[in-house]
Amino acid sequence: MTAFRILGGRPLNGEIGIKGAKNAVLPLLAAALLVSGEVLLRDCPRLNDIDHMLEILAAIGCQVRWEGQNIAIDAGNAAEHRMPEELSKRMRSSIFMLGPALARFGKARFSYPGGCEIGLRPIDLHLSSLRAMGAQIIEERGHIYCSGKLIGAKIHLDYPSVGATENIMMAAVGAQGDTVIYNAAREPEIEDLAAFLNACGAEIKGAGQSSIEIRGGTPLKACEYVPLRDRIVAGTLLVGAAMTGGEVFAKGARAKDMQAVLQKLSEMGCTIGMEEGGVRVRGPKALKAVRRVETNPHPSFPTDMQAQIMSALCVARGSSVVVENVFESRFGHAAELCRMGADIQIDGKIAVVRGVKRLYGAKVVSRDLRGGAALTLAGLRAVGETIVTEVELIDRGYERMEEMLRCLGAGIERIETEE
Ligand code: EPZ
């Protein structure tokens with residue numbers, strides 16, 4: 001099994017280029033199904049989740065290929081409305097294909113995407129919204145059968161779901177008539193999807209706000225597009241600088257996408273530089289605890305940064321409270337951090353973190369993508385050697401994380417372990 005071996009105690013220092021965001025590129029790949037001609041997405045990260053999405057697109061007849069760091073997709077010959085069973089089960093983001101497949105083929109068959117390490121991940125908001133747009137949807141024996149002509153509708157989301165907002169947007173551009181989404185997700189990746197679709201000829205207004213208006217039926221022509229830079233990868237590396245008392249410049253990161261995270265780092269005593277072309281964080285000699293970090297939909301503190309900030313709070317002076325409001329089981333990293341000497345108490349969605357003087361290297365297990373990243377950061381700060389296993393999970397969201405950290409001065413290498 002693949003693992004990271006980390007020798008702690010070295011500060012992270014230097015500049016790192018941030019690539020396209022996994023959570024922007026995945027919906028863009030699905031949206032290519034709606035576009036005639038060859039789409040080119042520039043400077044994309046090589047991640048397992050992106051390769052899985054490309055496999056799904058190829059399986060339904062799209063021409064897909066990597067050109068260096070760019071991805072070319074031509075959906076002209078796509079004709080298969082049945083999503084490959086194994087692939088769509090293995091990666092829940094394949095649910096993004098539902099809206100575009102319905103808009104393109106008038107029908108779609110999916111296997112129910114399973115939950116994952118951080119929660120059940122239901123898709124009721126996706127299905128109820130598409131039904132409101134005229135789709136007939138039958139859920140039977142682990143499969144979802146959808147069909148029907150999509151008609152624009154006014155849709156109110158009970159919860160500002162990122163994936164549901166993206167699915168509705170993509171379905172709506174292929175529907176007859178106009179759609180309005182109320183209580184839409186406001187994440188930067190939503191704005192990026194709208195910007196891509198508008199660059200292809202769509203008419204979408206209000207993305208990034210709570211209400212989004214989408215004109216249906218406009219033909220979409222392929223374009224070249226540079227996806228949004230990854231605010232979570234950038235945030236992870238900047239937390240690394242904070243924890244190790246170093247200074248890192250995340251080139252390409254946009255401060256406006258990361259305000260809640262930068263605010264917390266500033267409260268913890270970090271010096272924040274919002275510069276032209278990137279974001280800089282310098283860690284203090286000693287981090288300060290914060291009264292509370294609560295995860296909620298954007299622009300609140302992002303759930304995808306909860307594990308990483310918890311790691312930093314473990315070595316801050318004082319006690320902090322971390323509240324995970326978005327997913328029901330996203331504290332898998334806490335027990336592993338305690339194995340390194342952290343002092344964390346969990347009660348439901350609340351974690352109380354009492355800062356300790358130091359963490360000690362240990363063998364720890366990644367329970368999920370961001371939890372694995374958080375344990376890696378803890379290893380950079382710990383005394384001695386840390387082994388982080390199940391690195392395949394980290395590879396889903398970070399392209400060669402060990403190389404990024406090594407070029408910032410970390411003592412880290414990728415190893416194969418026996419078991
Ligand atoms: C996206 O997942 C991201 N994934 C997640 O990133 C991120 O954590 C999440 O948004 C929240 O920001 C991608 O973009 C590929 P949601 P998504 O629908 O769309 C509940 C990472 O680490 N819900 O906003 O699945 C759901 O259970 C990943 O990069 C319903 O109840 O998130 C959860 O509690 C992890 N019914 C909450 O909403 C639904 O139909 C947020 O889910 C849909 C969601």
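When reading the values below, keep in mind they use all heavy atoms of this one structure, side chains included, and skip hydrogens, waters and symmetry mates. Ligands are counted one by one from 1 in listed order, and the atoms in each one are counted from 1 as well.
Looking at Arg330 against ligand 1, only its side chain comes within 4.0 Å, counting heavy atoms. Under 4.0 Å from ligand 1, the heavy atoms of Thr303 that appear belong solely to its side chain. Of all the heavy atoms of Glu189, none lies under 4.0 Å from any atom of ligand 1, so neither backbone nor side chain is involved. Heavy atoms of His298 found under 4.0 angstrom from ligand 1: none, in either backbone or side chain. In Val326, the parts holding a heavy atom less than 4.0 Å from any atom of ligand 1 are both the side chain and the backbone. Heavy atoms of Asp124 found under 4.0 angstrom from ligand 1 belong to the backbone as well as the side chain.
In this structure, a donor-acceptor pair under 3.5 Å is absent between the side chains of Asp230 and Tyr398. A donor atom on one side chain and an acceptor atom on the other are found under 3.5 Å apart for Thr236 and Gln308.
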Report all side-chain donor-acceptor pairs from residues 40-51 shorter than 3.5 Å, counting only partners two or more places apart or in another chain.
unit_1, atom_1, unit_2, atom_2, d
Arg42, NE, Glu224, OE1, 3.0
Arg42, NH2, Glu224, OE1, 2.8
Asp43, OD2, Arg229, NH1, 2.6
Arg46, NH2, Gly68, O, 3.1
Asp49, OD1, Arg396, NE, 3.0
Asp49, OD2, Arg396, NE, 3.4
Asp49, OD2, Arg396, NH2, 3.1
Asp51, OD1, Trp66, NE1, 3.2

Acceptor/donor pairs from residues 199-209 side chains to any protein atom, 3.5 angstrom cut, sequence neighbours excluded:
none

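Ring geometry for Tyr182 versus His156: interplanar angle under 30°, hence parallel rather than tilted (30 to 60°).
Protein heavy atoms are found less than 4.0 angstrom from atom 21 (C) of ligand 1.
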